[in-house]
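Given the structure is predicted, the values throughout are model-derived calculations rather than measurements.
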Amino acid sequence: MKGQRTEIWKKEEYSYEGAHGFIPVMVSYMHEDDKIHPAMIVVPGGGYRQVSRTEAHLVAMDFYEADYNVFVLVYTVNPLDEVPLGMQPLQDISRAIRMIRGKAEEYRITPEKIAVCGFSAGGHLCASLSVHWKDIKDPDPVYDRVSNRPDAAILAYPVITAGKAAHPGSFVALFGENPDQKDLDYMSLEKHVTADTPPCFLWQTATDESVPVENSYLFAKACKEAGVPYAHHVFSDGVHGMSVATEDWLEERGREPYTMEQIRLLSEAILRGETRFEKKTGEELLAKYGISRPAPEKWSRDEKEHLRKVLKEVGAWRMLAKCWLAAVWDV
């Protein structure tokens with residue numbers, strides 16, 4: 001069964017002020033058999049301002065076809081710097097893991113084999129849980145008794161540091177224009193890796209111009225120093241956001257709309273005059289994210305031909321990650 005939506009919070013549990021009716025969801029890709037499967041939680045990127053379409057369905061299907069039961073997390077974002085997110089995304093992913101592990105029999109998954117796979121800011125979110133999982137309490141005592149520690153993390157071109165190699169926009173979305181240094185230190189994840197951090201697989205391209213490749217090096221170094229099992233792959237060429245790095249990704253296929261729900265609801269609230277933004281901002285959001293009409297092609301013909309040449313190299317991450325997971329989990 002593919003495409004089933006599950007809200008991860010009850011309405012009375014969720015209070016992010018910029019939600020405009022949105023409640024974070026998991027979209028599941030479940031095998032309809034009697035087997036017990038490992039679980040993969042896919043966490044798309046988007047600078048904490050969107051949940052990227054290109055890092056959702058295509059990634060989910062890749063792991064589904066590799067015999068995982070997969071859940072795409074559509075977490076809380078801050079599209080217009082309306083309300084700083086703070087810890088809300090971290091609360092979202094923590095609840096998602098607790099929900100999946102707590103319902104392991106229903107979801108037909110192995111509770112000791114739950115991995116997270118995050119891209120860019122989604123990689124930051126997965127890495128945040130990997131280092132801070134002990135700090136995150138759940139308001140529901142039933143879920144709070146369930147472990148929220150991932151059993152492994154795949155971090156794809158992740159945002160890691162708030163230091164010199166930072167992706168500044170992600171931290172503005174989290175903490176606003178004038179964050180406290182203690183918040184930035186807490187979310188500079190290379191500073192918080194311990195022996196209790198789960199095994200990590202990192203990959204990035206050396207030519208990434210959006211999130212400097214130093215981010216993955218910093219986290220890999222921290223894993224090595226803490227004795228955390230890890231793998232680190234840096235590919236020679238490619239842009240930020242290459243997702244599964246296949247022809248489907250390049251041709252912008254598989255862009256399912258379910259990741260856009262919060263942006264759609266925000267846009268509709270703007271158009272109804274319920275926010276401080278002008279109505280044209282709502283129209284621009286709907287157009288920018290391909291909700292009101294198809295978005296323009298992302299790549300020029302020359303850019304597309306260049307990227308096509310590097311798909312095979314970069315796309316190898318999918319096979320490498322699955323082999324690494326099999327070794328980590330001894331399957």
Side-chain angles (χ1 to χ4, degrees), residues 40 42-60 62-63 115-127 130 152-171 188-190 199-224 230-255 297-325:
M40 181 64 68
V42 175
V43 187
Y48 286 114
R49 287 191 168 87
Q50 64 158 316
V51 178
S52 171
R53 290 182 178 187
T54 63
E55 295 157 347
H57 176 74
L58 290 177
V59 181
D62 188 79
F63 282 105
V116 291
C117 178
F119 298 79
S120 192
H124 184 269
L125 185 50
C126 291
S130 295
I154 298 171
L155 308 177
Y157 39 91
V159 175
I160 294 295
T161 186
K164 291 182 179 179
H167 178 257
S170 293
F171 297 98
S188 284
L189 307 177
E190 76 278 10
C200 293
F201 177 102
L202 300 102
W203 75 269
Q204 196 162 4
T205 61
T207 52
D208 191 323
E209 294 183 356
S210 296
V211 175
V213 71
E214 285 80 6
N215 279 263
S216 60
Y217 278 103
L218 285 167
F219 200 80
K221 181 175 182 288
C223 287
K224 181 178 180 180
Y230 77 98
H232 183 205
H233 298 272
V234 178
F235 301 107
S236 63
D237 197 0
V239 296
H240 186 73
M242 289 191 71
S243 181
V244 289
T246 62
E247 191 72 18
D248 281 339
W249 165 79
L250 185 61
E251 295 296 340
E252 301 183 84
R253 294 190 281 263
R255 294 163 57 91
E297 285 196 25
K298 186 172 184 177
W299 313 110
S300 69
R301 185 170 65 178
D302 289 344
E303 288 171 332
K304 188 178 285 188
E305 286 310 307
H306 173 75
L307 288 170
R308 187 167 278 115
K309 293 176 182 178
V310 303
L311 288 180
K312 186 174 182 179
E313 179 193 356
V314 178
W317 81 262
R318 294 174 287 120
M319 177 271 294
L320 292 167
K322 291 163 194 164
C323 291
W324 175 83
L325 272 173

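- Judged purely by atom type and a 3.5 angstrom limit, E252 has no side-chain atom pairing as donor or acceptor with the backbone of W299.
- Residues L311 and M242 come closest through the heavy atom pair CD2-CE, 4.0 Å.
- The residue from L307, V314, D208, T205 that alone fulfils the side chain to side chain contact (heavy atoms under 4.5 Å, CB included) condition with V239 is L307.
- In this structure, the ring of H232 has its center no less than 6.0 angstrom from the ring center of F219.
- One distance of note links OG of S210 with CG of N215; it measures 11.5 Å at 0.5 Å rounding.
- Here E251 pairs with K304 in a salt bridge; the nearest charged N to carboxylate O distance falls below 4.0 Å.
- A heavy-atom distance below 4.5 Å is not found between the side chains of T54 and F119.
- The number of heavy-atom neighbours closer than 6.0 Å to CD of E297, taken from other residues, nucleotides and ligands shown, is 12 or below.
- Between A121 and G46, the closest heavy-atom pair is CB-N, 4.3 Å.
- Ring to ring, Y157 and H167 are not that close: their centroids are 6.0 angstrom or more apart.
- Distance check, rounded to the nearest 0.5 Å: CH2 of W317 to CD of Q204 gives 13.5 Å.
- By the ring pair (Phe, Tyr, Trp, His ring centres under 6.0 Å) test, H57 is found to be paired with Y29, residues two or more places apart in sequence or in another chain being considered.
- Side-chain contact check for V59 versus M40: every heavy-atom pair is 4.5 Å or farther apart.
- In this structure, K322 forms no cation-pi arrangement with F201, as its terminal cationic atom is not both closer than 6.0 Å to the ring centre and no more than 45° off the ring axis.
- For the pair H124/Y48, a side-chain contact is recorded, criterion being any heavy-atom separation below 4.5 Å from C-beta on.
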V116 vs L125, side-chain contact (heavy atoms from CB on, under 4.5 Å): CA-CA, chis, key distance, verdict:
CA-CA 10 Å; V116 291; L125 185 50; over 6 Å; no
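- Considering every non-hydrogen atom in both F235 and L320, the closest pair reads CZ-CD1, 4.2 Å.
- Minimum interatomic distance between G123 and L155 (heavy atoms only, all atoms of both residues): O-CD2, 3.6 Å.
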T161 vs E214, side-chain contact (heavy atoms from CB on, under 4.5 Å): CA-CA, chis, key distance, verdict:
CA-CA 9 Å; T161 186; E214 285 80 6; over 6 Å; no
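- Within the model, atoms CG of L250 and CD of E303 stand 10.5 Å from one another, a figure rounded to the nearest 0.5 Å.
- Within the structure, the salt bridge (charged side-chain N to carboxylate O under 4.0 Å, His left out) test picks out the following pairs touching residues 233-250 (sequence neighbours left out): E247-R308, D248-R253.
- A donor-acceptor pair under 3.5 Å is absent between the side-chain atoms of E313 and the main chain of V310, judged by distance alone.
- You'll find the side chain of K221 stays beyond 4.5 Å of the side chain of E190, heavy atoms only.
- The two atoms that bring P44 and S52 nearest to each other are CB-O, 3.4 Å, heavy atoms only.
- W203 places no side-chain N or O within 3.5 Å of a backbone atom of S216 that could act as its donor or acceptor partner.
- S120 and V211 make their closest contact through OG-CG2, 4.1 Å (heavy atoms, listed as atom of the first residue, atom of the second, distance).
- How far CZ of F63 is from CG of L325: 7.0 Å, rounded to the nearest 0.5 Å.
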